[in-house]
Colleague: 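Just passing along the structure, written as structure tokens.
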Amino acid sequence: MSAPTFEVLVARRFSRRTLIGGLASFLGASRFAQASSPPLPFAEVSRALTKRLILPDGYDAHVVAAWGTPLVATGGAPLPADAADQALRVGYNCDFLAFFTDDPHASERTVAGLLCVNHEAVDDRLMFPGVTDAGLSREQRRLQMAAVGHSVLDVAFSTQGTWQVRPSSPRNRRLSALGPACLVSGPAAGHPRLATRADRRARKITGTLANCAGGTTPWGTVLTAEENIEKYFRGDPATLGRDAETAASFGLSMTPVFEWWKADPRFDLTNEPAEFNRFGWIVEIDPRDPRVPPVKHSALGRFKHECATTVVAPSGQVVVFSADDQKFQHLYRWVSREAYDPARHRGVAARTLLTDGVLSVAHLTESGALQWRALVAGQGPLTATAGFRDQGDVVIDARRAAALVGATPLDRPEDVVVHPDGRIFVMLTSNDERKEAAPGSPRATNPYGHVLVITSAMGPRGPDPAADAATWDVLLYGDDPRLDDAARSAAGRRGVPAASADGVVVCPDNGTLDPSGRLWITSDGAEYRTGVADGIWMLDLSGPEGAAVTRRFASVPTGAEATGPCFTPDGRTLFVSIQHPGAGSTWENPSTRFPDEDPALPPRPAVVAIRRSDGGVIGG
Ligand code: FEO
Ligand code: CA
Ligand code: CA
């Protein structure tokens, strides 16, 4: 099978289905002919890379919470002084966002609620001045441990027309690598492979880290996804026995990106080898009740979790989609055994739903079929001889189990968005190591990513996400907006249904739906891959047979990616995280000073609220 042939095959499927607009413009004299496109709901912004956040005319953004925003009092220095101070302030590198409204009529006007914010990572040379190759001090490393995790922020829309954190609200809260203790549920609870000297019973894990994307549950909790955990642990996979293969696949090494092991021996696996197995999970947090301990739900598997997108199937079963964001890793689905009953499953009682169910992984075929294959100890290749003595082994080594049952390797699967009409969108950021086309990855090379659309088999009441059969297709391809049409078609690439060159998506990463069902996509890698700004795009999915046309809504400052897009129920505010602005530069010589533009401050990762100047619905 030659790669172009397969792409043509998929393009033929597009021509009947999702990409009518894109293919038509590919075949026409001008790909970007506006005549067949719906009217613009906003004037696209330029893809040009700048030091600032660029929005369409008529839109403004303000900072809701930046690294260091105090949760307990106003005033004082803008940045945390030490770990204890950081524990009372918003963390670093904001990512996934969830908004829980307090308003009874939120779909008309949303004015208050809880904004939940993941904090994915830290940065040595942008968090502190004067960092040398000798590295950080012990206290600086502990400050970093306090700067990851999650923030729960009590926010309100003020009379000044801005969203602000309510200082000193008892609802404000921080979780980090320093705590609180998380309980463990499911098959890995009490498992010997999670036992450490500090927790011989393997049921209580201090803190959470590497919190990338996530999800929310129908019962009002947050699921936060632990992703790139290997950056924080020092260890030689070869010394880890039965954990070696998975640890190596994570990229664990004796020279991690962050040298936390110098400040806390639990991050040194030569001291505490099981500690690594206690991360890489989906963690449930009850944002409304700080007395409820977070829970690491091991039934959902352990890998580099990007997200935890949750829907209720027609049967009432809870379905959680999660992706393993690494080149050639997999797409997972978990289905609860029990059906969700809103009358019974409230508060702490609801979390039992995520303890017992079936974890599956996606197997895709060239013809467009997708099958969810269960990962169950003792079934098929998951035998004791293969190292799967119990289901705890399966969830701890989910990657290895997935490969054994025939999971399809994908191109950095990231966020998953489920549309009310049942379509499941999967963002695949890129894969610069791909050498040939394959199911789910129709391009022979994939430096710019794509978005898959999965349609579940029909049940008696519509598409059933709990069914094991589905189909897959490509919704859109990312591309290089610098290429002109001739170069792109000479390269055999097609199906980029953009409104203009600015509208060409590069490296799709996170996504969300607005209240009217349009898909908004953020990118990670546009600057790195093509030199244009990373940003936010809108896709109107309501065209002929769901055709998607992408339009660039925002361009983020240099170094940054936009993450965690989240609309308020009234559609008038789009919260988004501006993560790692200035990445790759230093405190002394930053490539941007977003958002403060203060020569005394480094760039700060920040959650911003994007609003229309006239207060109207975003995107018209
Ligand atoms: Fe943390 Fe896969 O992005
Ligand atoms: Ca991400
Ligand atoms: Ca990313």
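FYI, the numbering just counts along the sequence from 1. Whatever order the structure lists ligands and atoms in, that order sets their numbers, starting from 1. Keep in mind that what you see is a predicted model, and the values were worked out from it rather than measured.
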Colleague: Is the shortest distance from a Lys or Arg side-chain nitrogen in Asp540 or Arg518 to a carboxylate oxygen in the other one below 4.0 Å?
Modeller: no

Colleague: Are Arg551 and Glu44 close enough for a salt bridge, meaning some N to O gap below 4.0 Å?
Modeller: no

Colleague: Before accepting this row, confirm whether a basic side-chain N of the pair Glu259/Arg234 lies closer than 4.0 Å to the acidic partner's carboxylate O.
Modeller: no

Colleague: Taking atom types as modelled, is there a side-chain donor on Asn118 or His150 under 3.5 Å from an acceptor on the other?
Modeller: yes

Colleague: If you look at Glu120, which of its N/O/S atoms is nearest to atom 1 (Fe) of ligand 1?
Modeller: OE2

Colleague: Any N/O/S atom, side chain or main chain, of Glu227 closer to the Ca ion (ligand 2) than 3.0 Å?
Modeller: no

Colleague: Please determine which of Trp261, Phe276, Phe233 meets the ring-ring contact (aromatic ring centres under 6.0 Å, His included) test together with Phe267.
Modeller: Phe233

Colleague: Can you find a side-chain donor-acceptor pair between Asp411 and Asn431 that sits under 3.5 Å?
Modeller: yes

Colleague: Please confirm whether Phe567 and Phe99 have ring centers closer than 6.0 angstrom.
Modeller: no

Colleague: What N, O or S atom of Glu414 is found closest to the Ca ion (ligand 2)?
Modeller: OE1

Colleague: I'd like to know if the side chain of Ser249 pairs up with that of Arg399 as donor and acceptor (distance under 3.5 Å, no hydrogens or angles considered).
Modeller: yes

Colleague: Among the N/O/S atoms of Glu306, which is closest to the Ca ion (ligand 2)? Give the atom name.
Modeller: OE2

Colleague: Counting only protein atoms, how many N/O/S atoms are less than 2.8 Å away from atom 2 (Fe) of ligand 1?
Modeller: 4

Colleague: Checking only N/O/S atoms, does Glu120 have one that is under 3.0 Å from the Ca ion (ligand 2)?
Modeller: no

Colleague: Report the name of the N/O/S atom of Asp509 located nearest to the Ca ion (ligand 2).
Modeller: OD1

Colleague: Between Ser441 (side chain only) and Ala438 (backbone N and O only), is there a donor and an acceptor less than 3.5 Å apart?
Modeller: no

